[in-house]
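All remarks here apply to the structure that follows.
Count residues from 1 along the sequence.
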Amino acid sequence: MLDKIKQAVIAGEVENIAELTKQALAQGIGARDILDKALTPAMDIVGEEYERGERYVPEMLISAETMKASVAILKPLLVEAGVEARGKVVIGTVEGDLHDIGKDLVAMMLEGAGFEVINLGTEVTAEEFLKAAKEHNPDIIGMSALLTTTMTHMPEVIDALKQAGLRDKVKVMIGGAPVTQEYADKIGADGYAPDAASATRLAKSLLE
Ligand code: B1M
């Protein structure tokens with residue numbers, strides 16, 4: 001079943017994925033297993049095929065839409081209902097970057113852990129992050145980047161916060177496939193997380 005879901009994402013069978021996901025759940029396969037053992041590995045294969053020139057951007061997009069349709073069904077199961085509000089997080093994908101699946105998973109898990117999440121979407125500029133920081137007064141700003149060419153916008157956001165005198169009032173956490181702990185240290189972010197589950201743990205620890 002997991003393999004069927006994986007193949008459906010790779011093939012971009014957006015019309016079948018909801019039914020397959022429901023069938024897997026009905027068979028007792030856990031939502032996290034569907035995410036970790038079928039959906040995410042499928043996107044890795046899609047990325048590898050793109051890299052080898054065996055796949056074009058529109059095909060990558062249709063696979064992404066297929067994964068999203070499955071995640072929409074898994075969402076209530078992945079999110080354990082949080083009880084008390086833990087804090088507020090403003091999150092977005094940085095300027096020039098359209099990738100939002102991972103960022104939305106992180107947002108979803110944070111919500112599930114009881115955080116109030118303001119999701120700014122994709123291609124969020126430093127000015128927009130700053131505006132949201134002033135408007136919402138968050139405890140944490142979370143930035144996601146999937147491209148080596150866009151992760152370089154992360155320090156711009158940190159600089160904008162510094163210049164506005166807000167850097168000491170908000171924690172900054174970053175993530176996304178090309179991002180590392182080393183990069184977080186280099187740009188002066190407060191933390192880095194490699195996946196959605198550790199992003200939630202990190203957010204909690206940043207507020208302790
Ligand atoms: Co793009 N793409 N893409 N793409 N794409 C990658 C990232 C790439 C690695 C593919 C490849 O070449 N192998 C490559 C980047 C190379 C690089 O810079 N190193 C690439 C490229 C080159 C491009 C374009 C430039 C292609 C082109 O147009 N020539 C273009 C750029 C567009 C733009 O952004 N301006 C592009 C476009 C696209 C689509 C639009 C077609 C589509 C995105 C659709 C969407 O997101 N709505 C797409 C996709 C789907 C991918 C791959 C295949 C999958 C990404 C994904 O969703 N992964 C990707 C290859 C890959 O990563 N395997 C690829 C699943 C997701 C759950 O994982 O996003 O890593 P991830 O998120 C994880 C962690 O990273 C972490 O937690 C998440 C959940 O566990 N995390 C955080 C993420 N954000 C976090 C924030 C945190 C903490 C943790 O704190 C705040």
Shared hydrophobic cluster, [X] / [Y] (ILVMFWY, side-chain heavy atoms < 4.5 Å):
| X | Y | result |
| --- | --- | --- |
| L206 | M143 | no |
| V106 | F115 | yes |
| L166 | V89 | no |
| V157 | M173 | no |
| Y56 | I62 | no |

Side-chain heavy atoms of [X] within contact of [Y], under 4.5 Å:
| X | Y | value |
| --- | --- | --- |
| P155 | Y183 | yes |
| V94 | T122 | no |
| K68 | E65 | yes |
| L98 | E123 | yes |
| V117 | I91 | yes |
| F129 | I158 | no |
| L207 | I140 | yes |
| L25 | I73 | yes |

Task: Side-chain H-bond candidate by donor/acceptor type, D185 with Q181, under 3.5 Å - done: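 Distance-only check passes for D185 and Q181.
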Output the distance between atom [atom1] ([X]) and atom [atom2] ([Y]), rounded to the nearest 0.5 Å.
| X | Y | atom1 | atom2 | value |
| --- | --- | --- | --- | --- |
| L35 | M109 | CG | CE | 8.0 Å |
| T66 | I10 | OG1 | CD1 | 11.0 Å |
| L105 | K75 | CG | NZ | 10.0 Å |
| L2 | D36 | CG | CG | 10.5 Å |
| L20 | K22 | CG | NZ | 11.0 Å |
| E156 | I187 | CD | CD1 | 10.5 Å |

For [X] and [Y], work out which heavy atoms get closest and say how close.
| X | Y | answer |
| --- | --- | --- |
| A145 | P178 | O-CD, 3.2 Å |
| I29 | D33 | CG2-CB, 4.2 Å |
| G175 | M154 | O-CE, 3.8 Å |
| A24 | I34 | CB-CD1, 3.8 Å |
| L39 | V9 | CD2-CG2, 3.6 Å |
| T21 | I5 | CA-CD1, 4.2 Å |

TODO: Test side chain to side chain contact (heavy atoms under 4.5 Å, CB included) on M108 and L78 and set out the steps.
DONE: CA-CA 8 Å; M108 200 173 92; L78 290 169; 3.4 Å; yes
Task: side-chain hydrogen bond (donor to acceptor under 3.5 Å, both in side chains) partners of residues 2-11, not counting sequence neighbours, each pair once - done: none
- [ ] Can you run down the side-chain hydrogen bond (donor to acceptor under 3.5 Å, both in side chains) pairs that involve residues 38-51, sequence neighbours left out, and say none if there aren't any?
- [x]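 The answer is E49-R55.
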Ignoring hydrogens and geometry, is there a side-chain-to-backbone donor-acceptor pair from [X] to [Y] under 3.5 Å?
| X | Y | answer |
| --- | --- | --- |
| T93 | H99 | yes |
| T152 | T149 | yes |
| D139 | K88 | yes |
| D195 | S198 | yes |

- [ ] May I ask you to check whether over 12 heavy atoms, not counting those of K204, lie within 6.0 Å of atom NZ?
- [x]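 Yes.
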Open item on the list: Can you confirm whether more than 12 heavy atoms, excluding those of E182, are under 6.0 Å from its CD atom?
Closed with: no
Open item on the list: Salt bridge or not between R167 and D159? Use side-chain N to carboxylate O under 4.0 Å.
Closed with: no
Open item on the list: Between L146 and S144, does the side chain to side chain contact (heavy atoms under 4.5 Å, CB included) criterion hold? Intermediate values first, please.
Closed with: CA-CA 7 Å; L146 263 285; S144 177; 4.1 Å; yes
- [ ] Could you please spell out the steps behind the side-chain hydrogen bond (donor to acceptor under 3.5 Å, both in side chains) verdict for K169 and N137?
- [x] CA-CA 9 Å; K169 297 190 174 69; N137 195 21; over 6 Å; no
